[in-house]
Amino acid sequence: MVRARAQLSTRLMNVCLAALCRGGSLARAESVLVDAIRLGMPPDVVSYNTLLAAHCRASGLEAGFAVLRRMREAGVGPDAVTYNTLIAGAARSGLTVCALDLFDEMLQTGIAPDSWGYNTLMHCLFRSGHPEDAYRVFADMAEKGVAPCTTTYNTLLDGLFRSGHASNAYRMFRYLQRAGLPVGIVTYNTMINGLCRSGKVGYARMVLRELGRTAYAPNAVTYTTVMKCCFRYGRFDQGLDTFLTLLEGGYIPDLFPYCTVISALVKKGRMEEANTYSQLMIQSGFRLDSACYNTLIYLRCQEGKLDDAFELLSMMEEGGLESDEYTFSILVNGLCKMGHVEAAQKQLCYMEMRDMESNVVAYNCLVDALCKSDQVDAAIKLLHDMKLKDDFTYTSLVHGLCKVGRYHMASKFLRICLREGNSVLASAKRAVIAGLRSAGFKNDVRKVRSALRMARLLKP
DNA sequence: TTAGGGTTAG
């Protein structure tokens, strides 16, 4: 009887913990836990899992591991949910190897992964650019007899889009519908987002119209997705109207729509409105996460207020949030635009020291800045240090070389770029060909044209 | 507890 009462109390405490964590009152949740222990209500694995998820989301994976240590010290063993949550935390921080290690640890501990565990690992592998490994996880899931659920299909659809297989994703979506497999609002949102991002706006609109004919109501995610799509494809007013409809109707459930609209306004140079919505975002009562800080730092950088930008960075880090590759890219770009190339280089060094997986954008900003200030040789030197180069890298360099009249070198890099499967802006191609012609390099013109034809033929 | 939407560069 006494034990049953204690279990019921623990269950009630867990409800309370979940509510506090959902509302972002982590400190209060922690004090409830302390009070409960004092009153003889022992926390169980659910209590710790709830706290672990909240800490992980608010402050990153290390905070999650700290809860894991605490629960072990209290004699409460982790379960599949604990590992799922930690794997999700690792995925959010881009720590793919850590996610894989956690999955292995779970298997070695004798805890059988459920569909959520498989889904989370698949999601992590897709997001970090390892689609083949993600498919292997899916195959392993089937082999172990773990039934796929709606999330599994949604993760696969999202992964197909992210790995550049939009047509396969579309075919899979139609297959799910025909086979009567679960297709819900998340599936529609995933499809609309994936189709928009892969440039298939017509298809995205068709799926959006189809959604209107189903029983599913579009939600804030749908609207944010559509809004982002409008901004991406030059329908600025339509995007802003979508935001205002959400705002005036009181339908903004979190900070995603704010980040989208502020960034779009900054890009348009409409700083006053960007500042107005930044204030609203701060006053909304939701806890700002790193994407929100990045957006605010972006606004300050583009306004040329670098001191304010760095102050925001300190606030962010003092609040327990980690800066990420977005933060660094925004700062490097801001510093470059204000002519502080050396300071930008220093930020890139910090990035290297932090061993960040993706630094290509930050490097590209510096390459571009060096090219624009006619330091093309320094840009070429930097290019050789880069592990990954993309269309942006080569476009900046090719433009930079043309600007200083080094057309032969520009054509060489243009051909390397095409050979590596990248594309360059039409303006860069034109600059190279016009330059080579004016300098009388007829043979190089022929080589460039042939490389461009080959690239078109090989284009998927 | 998990999955879909937000933040950077030519």
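Order of the sequence lines sets the chain letters (A, B, ...), proteins ahead of strands, with each chain counted from 1.
With 3.5 Å as the limit, one finds no donor-acceptor pair spanning the side chains of A:Asn154 and A:Thr190.
Ring centroids of A:Phe243 and A:Phe231 are separated by 6.0 Å or more, keeping the two rings apart.
If you check B:dT8, B:dG4, B:dG10 against the side chain of A:Lys372, the one that comes closest is B:dG10. Among B:dA3, B:dG6, B:dT1, the nucleotide with an atom closest to any side-chain atom of A:Thr85 is B:dT1. The side chain of A:Asp324 lies closest to B:dT7, out of B:dG4, B:dA9, B:dT7. For A:Val361, counting side-chain heavy atoms from C-beta on, the closest listed nucleotide (B:dG10, B:dA9, B:dG6) is B:dA9. Nearest nucleotide to the side chain of A:Phe256, out of B:dG10, B:dT7, B:dG6: B:dG6. Comparing B:dT7, B:dG5, B:dT8 by their nearest atom to the side chain of A:Pro257 picks out B:dG5. For A:Thr295, the listed nucleotide lying nearest its side chain is B:dT7; candidates were B:dT7, B:dT2, B:dA9. Among the nucleotides B:dT7, B:dA3, B:dG5, the one closest to the side chain of A:Arg162 is B:dG5. Comparing B:dT2, B:dG10, B:dT7 by their closest approach to the side chain of A:Asp368 singles out B:dG10. Of the candidates B:dA3, B:dA9, B:dT1, the closest approach to any side-chain atom of A:Val81 belongs to B:dT1.
B:dA3 atom P lies 18 Å from atom OH of A:Tyr118, rounded to whole Å. In this structure, A:Tyr363 places its OH atom 19 Å from P of B:dA9, rounding to the nearest Å. A:Tyr293 places its OH atom 16 Å from the C1' atom of B:dG6, with the value rounded to the nearest Å. Taking atom CG of A:Leu401 as the reference point, atom C1' of B:dG10 lies 14 Å away to the nearest angstrom. In this structure, A:Ile297 places its CD1 atom 19 Å from P of B:dG6, rounding to the nearest Å. If you measure from atom CG of A:Leu388 to atom P of B:dG10, you get 17 Å, rounded to the nearest angstrom. We find that CG of A:Asn294 is positioned 12 Å from P of B:dA9, with the value rounded to whole Å. One can place CD1 of A:Ile262 at 15 Å from P of B:dG6, the figure rounded to the nearest angstrom.
The base of B:dG5 is paired with the side chain of A:Asp254 by a donor and an acceptor separated by under 3.5 Å. A donor-acceptor contact under 3.5 angstrom links the side-chain atoms of A:Thr151 to the base of B:dA3. With hydrogens and angles ignored, no donor-acceptor pair under 3.5 angstrom links the side chain of A:Thr190 to the base of B:dG4. Counting atom types as modelled, A:Asp289 pairs a side-chain N or O with a base atom of B:dG6 as donor and acceptor under 3.5 Å.
Residue contacts for A:Asn49: at a heavy-atom cut-off of 4.0 Å it reaches no nucleic acid atom on any strand shown. A:Cys292 comes within 4.0 angstrom of a base, heavy atoms only. Nucleic acid contact for A:Tyr298: sugar-phosphate only, since backbone atoms but no base atoms lie under 4.0 Å from a heavy atom of the residue.
A close approach under 4.0 Å does not occur between any side-chain nitrogen or oxygen of A:Lys337 and OP1 or OP2 of B:dA9. Considering only side-chain N and O atoms, A:Arg127 lies nowhere under 4.0 angstrom from the phosphate OP1 or OP2 of B:dA3. A close approach under 4.0 Å does occur between a side-chain nitrogen or oxygen of A:Asn193 and OP1 or OP2 of B:dG5. The side chain of A:Lys228 contributes an N or O atom lying less than 4.0 Å from OP1 or OP2 of B:dT7. When the side-chain nitrogen and oxygen atoms of A:Ser263 are compared with OP1 and OP2 of B:dT8, one or more of them lie within a distance under 4.0 Å.
Other residues, nucleotides and ligands contribute only 12 or fewer heavy atoms inside 6.0 Å of the CD atom of A:Glu322. A 6.0 Å sphere centred on CZ of A:Arg70 holds more than 12 heavy atoms belonging to other residues, nucleotides or ligands.
Here the side chain of A:Asn359 pairs no donor or acceptor atom with the backbone of A:Ala362 at under 3.5 angstrom. A donor-acceptor contact shorter than 3.5 Å links the side chain of A:Lys403 to the backbone of A:Lys372.
Of the charged side-chain nitrogens involved, none lies within less than 4.0 Å of a carboxylate oxygen, so that A:Glu311 and A:Lys305 do not count as a salt-bridged pair.
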